[in-house]
**Q** 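First the structure, then my questions, so here it is.
In this text, all values refer to a predicted model and were calculated from it rather than measured experimentally. Naming convention: chains lettered A, B, ... in sequence-line order (proteins, then strands); numbering from 1 in each chain.
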Amino acid sequence: MRKELEAKLKAQLQDDVVCVEKSDERTIFVDVKRESVREASKIVTKSGARYLNSIGYDNISRDGTLGMIHAFAYDNNNQFVCVRTSAPESDPVMDSITPDLPSAGWSEREVYDLLGIKFAGHPKPKKLVLADDWPDGIYPLRKEVPHDLVPQGAEDVAYQLDEAPPGTKIVPVGPFHPSLHEPEHFAVYVDGETIKGCDYRGFMTHRGIEKLCQTQVSYNEVPFIAERICGICGSVHATAYSQCVESAAGLIIPRRAEYIRTLMLEIERIHSNLLWLGVAGHLIGFDTVFMQAWRVREQIMWLCERLTGNRKTYGMILVGGVRRDITPDIADDIRNVVKKVEEELMVIHRAIEKDSSIHKRTKGVGTITRDQAIEWNLIGPVARARGVDIDARRDHPYAAYDDMKFEVPVLDSCDVWATLVIRVIETFEAIKIIRQCLDKMPAGEIFVELKDNIPPLRHAISVVEAPRGESVHYVITGEENRPERWRVRAPTFQNLQAVPAMLLDEQFADFPIIMGSIDPCFSCTDRVAVIDLQSGKSSSVTKAELERLSRKTQERA
Amino acid sequence: MNQLPENTWGILLVFTNIVLFMGLAPFFDGIVRRVTARVQSRQGPPLTQSYFDVLKLLGKQNIDSVGILPFRMAPLVALASILVVIAILPVAGKATALTGYADTLSLIYLLTLGGVAVLVGAFASKNIYALIGASREMTTMIMVEPILFMILMLGVLKTGSLDLTTVIYGTPTVNYGWAGVVMVIVALFGLQAFVARQPFDIAEAEQEILGGPFIEYSGPNYALFKLYLMLKQMFYAYLPIAMFVPLLKSGSFIVDLAMQMVLTAVVFLLIGLLSATHPRFRIDQALKYFAGLFVVALAAIAGALFG
């Protein structure tokens, strides 16, 4: 693979290719001069690679340059290609790859905002991440900018929305709107009830988790912060980060730990899929689906509380393994709970399957073709509902997924209904995987300590299939026992970019469900700490007691 | 001398009607909420919750967010129009003092007036969500009001009179024939649309347009709208009972009335069940549905005319 690619690149770009190397079995790094970065990306894409993500980093203190990495994946033979290049600080300009790969648009805008690399030929060079009143010339991810810098705010600065198509009215959705569960803003251009376009201004809750972890904490603490990126798929981020560090350090973790990671990820998938199913029901005005799905899900939350001490944000994943073992008692507990969930979900599944009114609201809604889905680089259930057969668990196996047998459902009706069906089927598959995990789990240690320092400037990439699509983490190791650069790309970052295409010519009434169908996680996209505030439950209070107490408080009020 | 006590009785009935509807409408709303909750495995609010909701809203500050008269008047007009509808309604077969001054057509006008008041309030709000809600409400009204009209029309055709008491109670059920049966079915299928519950709560659609026409309303103004909606809902649930279920004729007004109210409660149970088991339709889907209903109702009218 590496040789073929090297030959192709050398043939077309000649001297612009600086180096092609392989860091481990599955990652190829291609260093090119900045003039050829767009060409190199084209060649890599043409050879069958799928664009993942772009990472910018500050290398000014070493050689006076700003680095840029475009990451790609070959899904058929489990390989990653990272095209690396750099531009001098004095002239930080390079060609944009967005004209060829529309889904790189946000990544490049983010790199411009945070590091100041300019991309020539970018179709929409607007602010993405930074606040509208952030002063020009301060690039927060550069090393010289302190992590707690609070620049002077400015009055009367506002984001300029895209021009509305003629004859349309603007319906503002957000920052606070019942169909968004986090603060983000959409300007939806409607003609009557038909959507003719949409502009997005998000990143309202960007707190700079990456900067924090690159400057303040050490390798071993990051998983807990990574887990707090998302209130729903925390383990995904912790696992992806830990795998990056382990890969950079060459650390092999015990097999049992990998099994437990798989187990936690799949438990998380059940809870996330049920959560989404409920939200989807709510968004089409069907609150009974909402309530019933969440009732079933609640058992998973209680199970996790017994397992880890927390309903969410389990704190199970560490660099080098996991924190808690699965005892035979707990294994039985898990088996019982998933059996019950399986039975109850089956009832909901049967009810939904034949409900013609749900079909009415979801079939043929949010349609984009398979080609568009590939062009926009959709991932996860959203892609699988449009006939794109990708799943990081199968294509780039991590943890113990190589030992698991499971189906990857793929449908081709290209609409919200297909997404819904896929997520329900995946919940059943998750239950299958959990059973296999418990049955096959080998004995042994669950943690191995990271003893030696990790050599600096090693690059590592890892993907983890979150319930809503794959998360990509990229780590460049640093000198002070912490990452030099850690880049998180959550699934929503990719999928959200295609939402305007999905919304086009749909009815405004379908906006919530189309938006909801990608299961947008704005906190992942913004990389902010979202913490479940549902604790405060002391062990001395029984459930009935708590219920009685809460009812009593209400009566008094 | 004979007329005075009769008139007093009629005037008393006007107040009885209003007290009855005002007293029971929030309770029936409570039934819908409780039924919905039970279907969703929730405990649900107490049956009296809707009374408290209205009372609490009445006690809040009245925020006049746009500061123009139509905005302030709309809730008053809406509530007043539905109260007049109730005042002229011959509940349990007894005409009130006002029934004689009105007929079937004025009933429909008054109902439409309430809807128009909601629209005026929405347009006065100058809020894009209210505007979308208003345009949806308007489309729904244009499609649904004729269906209601045709239901009453059947009574008019069968009795040859426009008088409300005659139209509503004049035709013994057997005489409705198959057209009557079809109309009962139309009334049942149109029920959710008349009361603007799922799948036809399109104009309010909380998840898309955050309550639509009512988005700018709060406090007492909103309480009036709430009350208007609950009364309207009770009227629409009560009407088919009055028209298609024969009076008990027990000789006692109270017993007849109680029977009708129990049946109305059953209709509300049905409303609760239907709204808990359906997602919201889109307006284009709803229009197709109404169009179908319209054609069937028209066929029933034709049947009554020529059949």
**Q** Please classify the contact of A/Val365 with chain B as side chain, backbone, both or neither, using a heavy-atom distance under 4.5 Å.
**A**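 Side chain only.
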**Q** Does the distance from a Lys or Arg side-chain N to an Asp or Glu carboxylate O, for B/Asp29 and B/Arg197, drop under 4.0 Å?
**A** yes
**Q** Side chain, backbone, both or neither: which part of A/Val289 has an atom under 4.5 Å from a heavy atom of chain B?
**A**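 Answer is neither: A/Val289 stays 4.5 Å or more from chain B.
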**Q** Tell me, for A/Ile513 versus chain B, whether the close heavy atoms (under 4.5 Å) come from the side chain, the backbone, both or neither.
**A** neither
**Q** Where does B/Tyr129 contact chain A at under 4.5 Å (heavy atoms): side chain, backbone, both or neither?
**A**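 The answer is the side chain of B/Tyr129.
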**Q** Could you tell me whether a side-chain N or O of B/Tyr289 sits under 3.5 Å from a main-chain N or O of B/Phe189, the two making a donor and an acceptor?
**A** yes
**Q** Is A/Glu426 salt-bridged to A/Arg468, going by a charged N under 4.0 Å from an acidic O?
**A** no
**Q** Any salt bridge between B/Arg42 and A/Asp287, counting N to O under 4.0 Å?
**A** no
**Q** Salt bridge or not between B/Glu216 and B/Lys126? Use side-chain N to carboxylate O under 4.0 Å.
**A** no
**Q** Between A/Lys169 and chain B, with a heavy-atom cut-off of 4.5 Å, which part of the residue counts as in contact: side chain, backbone, both or neither?
**A** side chain
